[in-house]
Engineer: 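Sending over a structure as structure tokens; questions will come in a sec.
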Amino acid sequence: MTEREVRVRFAPSPTGPLHIGGVRTALYNYLLARKLGGKMLLRIEDTDQNRFVPGAEEYILEALAWCGIVIDEGQGVGGPHGPYKQSERKPMYKQYADQLIADGHAYYAFDTPEELDAMRARLQAAKVPNPQYNSITRAQMRNSLTLPEDEVKALLDGGAQYVIRLKVPRKEEIRFQDLIRGWVVVHSSAVDDKVLMKSDGMPTYHLANIVDDHLMEISHVIRGEEWLPSAPLHVLLYRYLGWEKTMPQFAHLPLLLKPDGTGKLSKRDGDRLGFPVFPLEWHGTDAETGEATLSRGYREDGYLPEALVNFLAFLGWNPGTQQEIFSMDELIQAFSIERVSKSPAKFDQNKVKWFNEHYLRAKSNAELAPYLLTALHEHAIVCSQEKAEQIVGVMKERVSFPNDFWQEAKYFFQAPTAYDETVVSKKWNGPVATALTAYAEALPTTPEVSAEGLKTLFNDTMAAQGLKPGQVLQALRVAVTGAAAGPDLFETLVILGVPEVADRLRAAVATIPVAA
RNA sequence: GGUCCGUUCGUCUAGGGGUUAGGACAGUAGAUUUUCAUUCUACCAACAGGGGUUCGAUUCCCCUACGGACUACCA
């Protein structure tokens, strides 16, 4: 390949929310495009009108944007090769099917679904290993290869329903080089006479895909492994259409597998597995019952897009170095399609979580504060930006998701209504209660409202009470927060503020009974 | 069933004819910490099996097993 502009495309079907495997496919396409200075296209493959799902296209656009995958050309962006939605390109495909027929590489088929079923049943009964419409069986079917010319003409003129099928040669080795797998060789007898044009006048995936990739000057086709079996068919199409010289290079990505059992990760696995398989939340309807369904999304679950992207990039690829943390720009620099592995990868929930914690901790308090503020707002709690930043600052080391901030930091806004039993029973007693009362009294006199200042005051007060700080510390935390564990206690007190701490101490001493 | 693809620690993977088979996540233990978490340190843990080729194979070849994808007028 010399001097050809690199143009890759992500071509999903709008049949529902884009799932995480699709996001990875898009990501690899994007990384390659950027790495090689090429273009990333987005094409919507909606040739199946029955499976169209409203909102799916918008979802795809939003999900890619959230992940930071930028589309250079295509649906939602525009460009010189539009339209980028196949249903809007419908009139463009027929001529290529006609050309194939004229060249003897395709033919009309008039078989009804019932006739096709009957054929398959017949072959099955005859123990034919692989029942298909092919170079052998087409001789027994009703098509323009078996029917007299005038009858075919009459059928076509009479408006009979027909499809156009590719005439796959009987004995031919079809080979192509896959960027990830090397040479792949398939015998043409394993490929059936695929339908190219459906009876509703729409092309099938195979035709539309090849025509569009050609017209859009796609240089690399990077897609999931589920397409590998039909790649030989696509090679045939390029050849018969006369486009073999500019045929894109293929790269078939290994699949993403379910973390538990076996099989590829599917849209349905979401709730069952307890983690999202979609980038964004999806409001759908159950196909059977028609009831509204809600599928979790990484975004709503509190994952940072950079964490998801970093994790996904490493599922099936690695740079060959020990570095694991990569920003999008670093991924672009390091990416190469040759280093994509051949074997499928199981989804690892722990690893995504780890990536998320990493990116969460790397964020500034100012960046994190909005997450807390949003939750606070939902609970009608007013909080300053400054205080929110302080809180996330002490909390970010201990949470996995920004969504956890509210839950973990509740006591900054609400005085405890219950006190941790274990600590109370072990650490709470008369002298401790007295000492805490003394501390509450002393607090307003502290020369310095800082973690250091409050700690010094605490130590001095305890000394005066004849107690060691360690004997009272735990009780202090429980009295103020209700919890047994949390971030640095004196930092917490500073954020709470002296008057509030003093109030809470008095309340605790008044409510917690002293063991006899 | 048929065709195709795949197989290194529990998971993601590095490596590659001669290595103590490396890293990360998880797990375990310890250190630090007023606590939990963080952080740090250590430990645990793998070349699916069988044949070749070779002085030598986890690495190359073949077979078997296992896993997966595909096998629609769905993509």
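Because only heavy atoms are used, hydrogens play no part in the values below, and waters and symmetry mates are left out as well, while side chains stay in. In this text the structure is predicted, and so the values were computed from the model without any measurement. Sequence lines set the chain letters: A, B, ... in the order given, protein chains first and strands last, and positions in each chain run from 1.
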Engineer: Taking C-beta and beyond as the side chain, do A:T146 and A:Y107 meet within less than 4.5 Å on heavy atoms?
Structural biologist: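 With C-beta onward as the side chain, the pair stays apart.
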
Engineer: Hey, would you say the A:F412 and A:W406 ring centroids sit under 6.0 Å apart?
Structural biologist: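 Not close enough - the centres of the two rings lie 6.0 Å or further apart.
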
Engineer: Report the base-pairing partner of B:U39 (Watson-Crick or G-U wobble, both distances below 3.5 angstrom), or none.
Structural biologist: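 Across all strands, the one nucleotide that pairs with B:U39 is B:A31.
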
Engineer: Paired with B:A57 by Watson-Crick or G-U wobble geometry, both distances under 3.5 Å: which nucleotide is it?
Structural biologist: none

Engineer: Can you check each nucleotide of nucleotides 6-14 of chain B against protein heavy atoms at under 4.0 Å and return B for base, S for sugar-phosphate only, - for none, in 5' to 3' order?
Structural biologist: SS---BBSS

Engineer: Using a heavy-atom cut-off of under 4.0 Å over every strand shown, decide if A:G470 touches base, sugar-phosphate, or nothing.
Structural biologist: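 The residue A:G470 makes no contact with any strand.
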
Engineer: Quickly work out the A:R175 CZ to B:C4 P distance and round it to whole Å.
Structural biologist: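 Answer to the nearest Å: 13 Å.
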
Engineer: Determine the contact category for A:D192: base if any of its heavy atoms lies under 4.0 Å from a base atom, sugar-phosphate if only primed atoms, P, OP1 or OP2 are that close, otherwise nothing.
Structural biologist: nothing

Engineer: Within 45° of the six-membered ring axis of A:W183 and under 6.0 Å from that ring's centre, is NZ or CZ of A:R175 located there?
Structural biologist: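 So A:R175 does make the cation-pi contact.
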
Engineer: Kindly indicate whether a cation-pi arrangement holds for A:R165 with A:Y108, taking the cut-offs as under 6.0 Å to the six-membered ring centre and within 45° of the axis.
Structural biologist: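 No.
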
Engineer: Considering only the C1' atoms, how many Å lie between B:U32 and B:C40, rounded to the nearest integer?
Structural biologist: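 Per the computed distance, 8 Å lies between those C1' atoms.
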
Engineer: Relative to A:Y28, does A:R24 satisfy both conditions: NZ or CZ under 6.0 angstrom from the six-membered ring centre, and within 45 degrees of the ring's axis?
Structural biologist: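 Yes - A:R24 lies over the ring of A:Y28, closer than 6.0 Å to its centre and within 45° of its axis.
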
Engineer: Rounded to whole angstrom units, what separation is found between the CG atom of A:L257 and the P atom of B:G68?
Structural biologist: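 That distance rounds to 8 Å.
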
Engineer: In whole angstrom, give me the gap between the P atoms of B:C74 and B:C60.
Structural biologist: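 B:C74 and B:C60 have their P atoms separated by 42 Å.
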
Engineer: Tell me which nucleotide, if any, is Watson-Crick or G-U wobble paired with B:U11 when both distances must be under 3.5 Å.
Structural biologist: B:A24

Engineer: Applying a 3.5 Å limit to both distances, which nucleotide forms a Watson-Crick or G-U wobble pair with B:A69?
Structural biologist: B:U3

Engineer: Is there a Watson-Crick or G-U wobble partner for B:A48 with both distances under 3.5 Å, and which nucleotide is it?
Structural biologist: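 Base partner found: B:U64.
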
Engineer: Roughly how many Å is it from OH in A:Y411 to P in B:U35, rounded to a whole number?
Structural biologist: 15 Å

Engineer: Under 6.0 Å between ring centres, would you say that holds for A:F401 and A:Y303?
Structural biologist: yes

Engineer: At under 4.0 Å between heavy atoms, what does A:V185 touch on the DNA or RNA strands: base, sugar-phosphate, or nothing?
Structural biologist: sugar-phosphate

Engineer: Figure out the CG/P separation between A:L489 and B:A37, and round it to whole Å.
Structural biologist: 16 Å

Engineer: Could you give the CG-to-P distance, from A:L255 to B:C70, as a whole number of Å?
Structural biologist: 7 Å

Engineer: Could you tell me the separation between the CD atom of A:Q322 and the P atom of B:G15, rounded to a whole number of Å?
Structural biologist: 11 Å

Engineer: Please confirm whether the shortest side-chain N or O distance from A:K264 to OP1 or OP2 of B:G67 is below 4.0 Å.
Structural biologist: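 So the side chain of A:K264 is outside the cut-off, no N or O lying under 4.0 Å from OP1 or OP2 of B:G67.
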
Engineer: Produce the list of close N/O pairs, under 3.5 Å, pairing protein atoms with atoms of nucleotides 73-75 of chain B; give distances to one decimal.
Structural biologist:
residue: B:C73; atom: OP2; partner: A:R120; partner atom: NH2; Å: 3.4
residue: B:C73; atom: OP2; partner: A:R165; partner atom: NH2; Å: 3.4
residue: B:C73; atom: O2; partner: A:S199; partner atom: N; Å: 2.7
residue: B:C73; atom: O2; partner: A:S199; partner atom: OG; Å: 2.8
residue: B:C73; atom: N3; partner: A:S199; partner atom: OG; Å: 2.9
residue: B:C73; atom: N4; partner: A:D111; partner atom: O; Å: 3.4
residue: B:C74; atom: OP2; partner: A:K198; partner atom: NZ; Å: 3.3
residue: B:C74; atom: O2'; partner: A:D48; partner atom: OD2; Å: 3.1
residue: B:C74; atom: O2'; partner: A:R51; partner atom: NE; Å: 3.3
residue: B:C74; atom: O2'; partner: A:R51; partner atom: NH2; Å: 3.4
residue: B:C74; atom: O2; partner: A:R51; partner atom: NH2; Å: 3.3
residue: B:A75; atom: OP1; partner: A:T47; partner atom: OG1; Å: 2.8
residue: B:A75; atom: OP1; partner: A:K198; partner atom: NZ; Å: 2.6
residue: B:A75; atom: OP2; partner: A:Y205; partner atom: N; Å: 3.2
residue: B:A75; atom: O3'; partner: A:S13; partner atom: OG; Å: 2.8
residue: B:A75; atom: O3'; partner: A:E45; partner atom: OE1; Å: 3.3
residue: B:A75; atom: O2'; partner: A:S13; partner atom: OG; Å: 2.4

Engineer: Using the ring centroid of each side chain, check whether A:Y371 and A:F405 are separated by less than 6.0 Å.
Structural biologist: no

Engineer: Taking only nitrogen or oxygen atoms into account, show me every contact under 3.5 Å that the protein makes with nucleotides 38-43 of chain B, one pair per line with its distance.
Structural biologist:
residue: B:U38; atom: O2'; partner: A:E397; partner atom: OE1; Å: 2.3

